[in-house]
Amino acid sequence: MHAVIRTYSGQGAKELFDLLEKRQSDVEGLMRTVTGFVGYSLIRTGDGGITVTVCQDKAGTDESVQKAREWVGQNASDIGASAPKVTDGPVILHLK
């Protein structure tokens with residue numbers, strides 16, 4: 001498995017997470033279409049938030065990054081949130 005973490009902070013990050021919270025069903029529908037989807041979490045932090053996507057392989061997490069970028073561009077471009085810091089890597093242990 002492979003995971004990707006997108007960290008949103010700075011200008012517009014809190015507003016973006018307000019929108020993501022309101023549009024949870026849209027986000028869920030989008031992420032579930034990612035090839036090899038295993039799991040997704042949307043986490044609010046003090047200065048914005050973090051998303052974590054787990055897929056069967058790196059191709060899936062790369063796809064999730066692209067879909068997230070497109071969704072934000074189409075639905076939240078007026079918020080002006082900065083691009084997230086993206087960190088990814090192989091999953092060593094996954095519990096559920």
Q.
Run the salt bridge (charged side-chain N to carboxylate O under 4.0 Å, His left out) test against E21 and tell me which residues pass, sequence neighbours left out.
A. R44
(Q) Which residues pass the salt bridge (charged side-chain N to carboxylate O under 4.0 Å, His left out) test with K85, not counting sequence neighbours? (A) none
Q. If you look at every heavy atom in K14 and D47, which pair is closest and at what distance?
A. CE-CA, 3.9 Å
Q) Do you know which two heavy atoms are closest between T61 and S64, and how far apart they sit? A) O-OG, 2.7 Å
**Q.** side chain to side chain contact (heavy atoms under 4.5 Å, CB included) evaluation trace for F37 with M31
**A.** CA-CA 7 Å; F37 174 82; M31 287 296 124; 4.1 Å; yes
**Q.** Residues K22 and D18 bridged, charged N to O under 4.0 Å
**A.** no
Q) Quick one: does V54's side chain get under 4.5 Å of V91's, heavy atoms only? A) yes
Q) Does the side chain of T35 come within less than 4.5 Å of C55's, by heavy atoms? A) no
Q) Pick one: which of T51, I50, T45 meets side chain to side chain contact (heavy atoms under 4.5 Å, CB included) with Y8? A) T51
Just how far is it from atom [atom1] of [X] to atom [atom2] of [Y], taken to the nearest 0.5 Å?
| X | Y | atom1 | atom2 | result |
| --- | --- | --- | --- | --- |
| R6 | I43 | CZ | CD1 | 11.0 Å |
| Q56 | M1 | CD | CE | 6.5 Å |
| T53 | K67 | OG1 | NZ | 11.5 Å |

Q. Are L19 and F17 connected in a single hydrophobic cluster, I mean Ile/Leu/Val/Met/Phe/Trp/Tyr linked by side-chain heavy atoms less than 4.5 Å apart?
A. yes
Q: Answer yes if V65 and V34 sit in the same cluster of Ile, Leu, Val, Met, Phe, Trp and Tyr residues linked by side chain heavy atoms under 4.5 Å apart, and no otherwise.
A: no
Q: Apply the test side chain to side chain contact (heavy atoms under 4.5 Å, CB included) to residues V4 and V86: give CA-CA distance (whole Å), side-chain angles for both, the deciding distance (0.1 Å), then the verdict.
A: CA-CA 7 Å; V4 63; V86 178; 3.5 Å; yes
Q) Taking it one step at a time, do Q66 and E70 satisfy side-chain hydrogen bond (donor to acceptor under 3.5 Å, both in side chains)? A) CA-CA 6 Å; Q66 182 60 36; E70 290 170 1; 2.9 Å; yes
Donor-acceptor contacts, no H, no angles, side chain residues 71-82, under 3.5 Å, sequence neighbours left out:
unit_1 : atom_1 : unit_2 : atom_2 : d
N75    : OD1    : R23    : NH2    : 3.1
N75    : ND2    : W71    : O      : 2.9

